Amino acid sequence: DTAVSQTPKYLVTQMGNDKSIKCEQNLGHDTMYWYKQDSKKFLKIMFSYNNKELIINETVPNRFSPKSPDKAHLNLHINSLELGDSAVYFCASSQGRAVYEQYFGPGTRLTVT
Amino acid sequence: AQSVTQLDSQVPVFEEAPVELRCNYSSSVSVYLFWYVQYPNQGLQLLLKYLSGSTLVESINGFEAEFNKSQTSFHLRKPSVHISDTAEYFCAVGYGSGNTGKLIFGQGTTLQVKP
């Protein structure tokens, strides 16, 4: 069983479109994260949710809106996609006080043309 | 502010040779340090961690890292690498407390093990 799963794995779309990426974890964790990995492989946190509550919101454009319908799911919706949004987006989860011991999904490669 | 610098972007090495991946950090508070590994087309996996106690920490697959406070380093080493160790390695520092804690990653080091 996949611990942290993301859909889709690849996403190719045009500038100006709106798209969503879904994440699910079956580890029973209470905290979930979204990261962006750019073309130079630099990985940066975007958001975190704990028990459906937004905890971390880095300096991310308002076009990015996370939604956590329950503890096991954290989705990322992106409006008005731009070329600079092209990246690999990773979802991750952690449990309790072990916030630094995170389990990552396989990533979603977003390409904006 | 916390930051992590990985001094080598790529490290090519022959199989069975030793390897060291270098990591330096800056932190004004208590330090929690981590190495994560990303195999091709996969997400990151925790390789090893330093939270407190012994400055030398080991992973189950033969990697070790040593926390050196005076040099603000957390270098990763393995005495003999395998082809299967080919991956991207990320050093990270934990920042913040409670559920606001987050990981600050370095730029990554590509370890390329050649036969």
Side-chain angles (χ1 to χ4, degrees), chain A residues 2-7 9-10 21 23-25 27 29-60 68 71 87-109, chain B residues 1-6 8-11 21 23 25 27 29-52 57 59 65 67 74 86-112:
Chain A
T2 303
V4 182
S5 60
Q6 296 178 227
T7 53
K9 191 169 175 61
Y10 300 96
I21 306 172
C23 177
E24 177 181 2
Q25 55 95 2
L27 298 167
H29 288 174
D30 55 12
T31 305
M32 295 183 73
Y33 311 81
W34 277 113
Y35 287 87
K36 180 180 180 180
Q37 185 177 47
D38 64 23
S39 59
K40 296 184 179 178
K41 297 198 175 181
F42 182 62
L43 197 64
K44 191 173 189 306
I45 189 168
M46 301 172 69
F47 303 102
S48 79
Y49 269 75
N50 177 264
N51 287 318
K52 303 195 298 176
E53 181 185 350
L54 181 65
I55 301 297
I56 294 173
N57 185 350
E58 294 292 289
T59 51
V60 178
S68 181
K71 267 183 16 173
V88 181
Y89 292 85
F90 286 100
C91 177
S93 69
S94 67
Q95 173 58 27
R97 297 178 66 181
V99 293
Y100 306 127
E101 298 175 34
Q102 298 179 11
Y103 291 73
F104 283 76
T108 295
R109 183 175 294 276
Chain B
Q2 279 66 23
S3 68
V4 178
T5 302
Q6 292 182 240
D8 308 293
S9 59
Q10 293 190 20
V11 174
L21 307 184
C23 172
Y25 67 91
S27 174
V29 295
S30 297
V31 176
Y32 305 109
L33 293 162
F34 306 84
W35 277 98
Y36 277 80
V37 59
Q38 183 180 21
Y39 297 106
N41 299 314
Q42 295 185 27
L44 281 72
Q45 303 172 33
L46 180 62
L47 185 61
L48 43 74
K49 62 186 178 186
Y50 170 78
L51 302 178
S52 64
V57 290
S59 72
F67 169 54
F74 190 55
T86 294
E88 192 79 20
Y89 290 80
F90 291 93
C91 183
V93 62
Y95 171 62
S97 61
N99 62 9
T100 62
K102 59 184 177 183
L103 290 167
I104 308 296
F105 286 93
Q107 304 94 315
T109 297
T110 303
L111 175 63
Q112 193 171 25

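Nothing here was measured: the structure is a model prediction, and the numbers come from that model. Side-chain atoms are counted along with the backbone in the values below, which use heavy atoms only and exclude waters and symmetry mates.
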Looking at every non-hydrogen atom in both residues, tell me the closest pair between [X] and [Y] and how far apart they are.
X       : Y       : value
Y89(B)  : Q6(B)   : O-NE2, 2.9 Å
G101(B) : V99(A)  : CA-CG2, 4.0 Å
G107(A) : Q6(A)   : N-OE1, 3.0 Å
T109(B) : D8(B)   : OG1-O, 2.6 Å
I45(A)  : E58(A)  : O-CG, 3.2 Å
I56(A)  : T100(B) : CD1-O, 3.6 Å

Checking heavy atoms, do the side chain of [X], its backbone, both or neither come under 4.5 Å from chain A?
X       : value
K49(B)  : side chain
Q42(B)  : backbone
Y32(B)  : side chain
Y95(B)  : backbone
I104(B) : neither

Contacting moiety of [X], where chain B heavy atoms sit under 4.5 Å:
X       : result
L43(A)  : both
Q95(A)  : neither
K41(A)  : both
Q102(A) : both
K9(A)   : side chain

Exercise. Knowing that exactly one of L48(B), V4(B), V31(B) qualifies, which makes a side chain to side chain contact (heavy atoms under 4.5 Å, CB included) with F74(B)?
Worked result: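 Only one of L48(B), V4(B), V31(B) forms a side chain to side chain contact (heavy atoms under 4.5 Å, CB included) with F74(B), namely L48(B).
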Problem set entry | Options T110(B), L103(B), L46(B), ranked by heavy-atom pairs under 4.5 Å with chain A, top entry |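 Among the listed options, the one with the most contacts to chain A is L103(B).
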Exercise. More than 12 foreign heavy atoms under 6.0 Å from CZ of F104(A): is that the case here?
Worked result: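 Enclosed.
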